[in-house]
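Small disclaimer: the values here were computed from a predicted structure and weren't measured.
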Amino acid sequence: MVLGALVAISRLLLARFAQGTALLSPQAWALTSVLFCAYWLPELISTIGAVDGPRALRESLVDLRYLPFLWLVASAVADSRGRTITFGGLAVIVAVWTLDGLAEAFIGTSPLFFGIDGFKQLISDRPMCTVEQVMAADRLGGVLGPCNLKLGLVLASLSPFLMFPVAQRFGIGGWVVAVVLVGLVILLAGARASWITYALVLVLSGWTLVGWKRMLGVFVGGAAMLAILTFVSPQVQERVERTAQLATADESGVDVALSGRVRIWSAALCMVRQSPINGVGVRGFREAYPDCDPDPEYLAAWGDGPAFHAHQIVLEVLSETGLIGLLLWLSGAALAWRAWRFSTRQARDRARPAMLALAVTVFPLNTHLAFYSTFWGGLTLMLAALYAGSLLARDEETPST
């Protein structure tokens, strides 16, 4: 992020900023800046009265690097050549990570992570992950490794960048093959939130790419694949069985099925009641959790220690940044939708992969990683910049938003 921000600042200086339209259209400048403000201003406002004021202030200051980074990403897709390189590169990354995940499923080790880990040990004589983390891994880690088990979530969010070009180049058959291979890795990666995200990608892309009938066939095949994996993969079986507990009317059973999320969400609502205006402060959830834990006498589903974040975008924004933060986020979403609504068909077509990736990542009826963390926040803002830069490209006249 810092390197990207520095590169962006250098490019802006070389372009003499006043003539910055050489990098982005005026509409793209405006939308990327507005989306940044919708993300960053809640951070800054949440520092007032935060449970951990110094950390909240530090997070808001450090995250200023996102603004030039957003400009850099948007400028990378602001013309036809840039979109071809950037979107094509993302498609290659998704494809390579998928094949690497399949290799790990068959041989037990990710070739990419093995190479990265070996290089890391040459530099520092220390592996990327501890022995305890490796032993505790209960799903595919892929290129991210057993100590960063987010492969399924990342692949699900980035999958539109592979699905659209594959369908255009190889037709329905190629799209189906890509859907199956990526879906298999996402299922084995184990995060049920990624299953929902990927299902959304298939629904929202499949009806335009292959039609409803073929798409329903894909879902039937996916259900069959999940059933097979339930018998051959203990990890998948455990998650399916845990999810089945949602059918019980017992609140504790629902909490177990959601890996302790009910308890976390109850604590988040408590924080909202205590600090409704500007929240407990960005990244202050863990500090505020003990006072809002609804069952402090019982061991949590995740083990010892507090929950680190709300695991749900609306509750995270409300608990950490309050109603002010939620209104700012909604204003950013409204402006992003307005830009889409008033754009041409050609603009929508070229921005569709980025739009879909961003939409499924922030889909509110799902569980999420922390949007105010560097990992997930950076990914989300990158998708926002790809969306703005490709929709409001400088290589054609676009209507004012």
Side-chain angles (χ1 to χ4, degrees), residues 89-120 127-130 132-163 166 177-202 222 225-226 229-230 232-240 242-243 259 302 308-309 311 353 356-358 360-363 366-371 373-380 382-383:
L90 287 169
V92 170
I93 288 173
V94 173
V96 171
W97 285 7
T98 297
L99 295 176
D100 177 74
L102 292 172
E104 181 182 353
F106 283 103
I107 66 178
T109 300
S110 160
L112 287 178
F113 181 76
F114 180 81
I116 294 172
D117 190 50
F119 184 70
K120 167 71 163 53
M128 295 283 290
C129 305
T130 65
E132 291 77 11
Q133 289 172 325
V134 174
M135 297 299 295
D138 60 349
R139 66 190 79 173
L140 285 185
V143 65
L144 301 179
C147 49
N148 191 20
L149 299 172
K150 302 182 179 76
L151 177 66
L153 294 164
V154 176
L155 276 184
S157 289
L158 296 182
S159 61
F161 293 104
L162 178 64
M163 299 304 167
V166 165
V177 171
V179 165
V180 171
L181 295 181
V182 175
L184 182 59
V185 173
I186 290 174
L187 284 175
L188 291 174
R192 289 170 294 171
S194 67
W195 300 358
I196 296 174
T197 300
Y198 192 57
L200 287 171
V201 170
L202 298 185
M225 184 167 61
L226 178 60
L229 289 175
T230 301
V232 301
S233 171
Q235 293 81 12
V236 174
Q237 180 182 16
E238 186 270 337
R239 280 165 179 78
V240 171
R242 186 185 299 174
T243 304
S259 301
W302 60 87
F308 290 167
H309 61 96
H311 291 268
L356 181 54
L358 178 62
V360 298
T361 299
V362 299
F363 180 65
N366 199 359
T367 60
H368 307 89
L369 299 177
F371 283 92
S373 67
T374 298
F375 183 90
W376 205 240
L379 175 70
T380 304
M382 181 192 75
L383 295 176

Within the 4.5 Å heavy-atom criterion, are [X] and [Y] side-chain neighbours or not?
X    : Y    : answer
V166 : V179 : no
T98  : L184 : no
Y198 : L187 : no
V154 : W376 : yes
V94  : L155 : yes
F113 : L144 : no
V182 : M163 : yes
L112 : V96  : yes

Short side-chain to backbone donor-acceptor contact, [X] and [Y], under 3.5 Å:
X    : Y    : result
H368 : F363 : yes
N366 : A193 : yes
D100 : S110 : no

Take atom CZ of F119 as the centre, draw a 6.0 Å sphere, and report whether it contains more than 12 heavy atoms from other residues, nucleotides or ligands.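 No, the 6.0 Å shell around CZ holds no more than 12 heavy atoms from other groups.
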What do you reckon, is CZ of F114 surrounded by more than 12 foreign heavy atoms closer than 6.0 Å?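 At most 12 heavy atoms, drawn from other residues, nucleotides or ligands, come within 6.0 Å of this atom.
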From [X] atom [atom1] to [Y] atom [atom2], the distance as rounded to the nearest 0.5 Å:
X    : Y    : atom1 : atom2 : value
L356 : L200 : CG    : CG    : 8.5 Å
L102 : L188 : CG    : CG    : 8.0 Å
L379 : L153 : CG    : CG    : 9.5 Å
M128 : N148 : CE    : CG    : 8.5 Å
T197 : I186 : OG1   : CD1   : 8.5 Å

Polar side chain donor-acceptor pair, T380 to T361, under 3.5 angstrom: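 Their side chains do not contain a donor-acceptor pair, so the 3.5 Å distance test is not met.
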Nearest heavy atoms of [X] and [Y], plus distance in Å:
X    : Y    : result
P160 : P353 : CB-O, 3.6 Å
L158 : M382 : CD2-CE, 4.4 Å
G141 : L149 : CA-CD2, 3.8 Å
A357 : S157 : CB-O, 3.1 Å

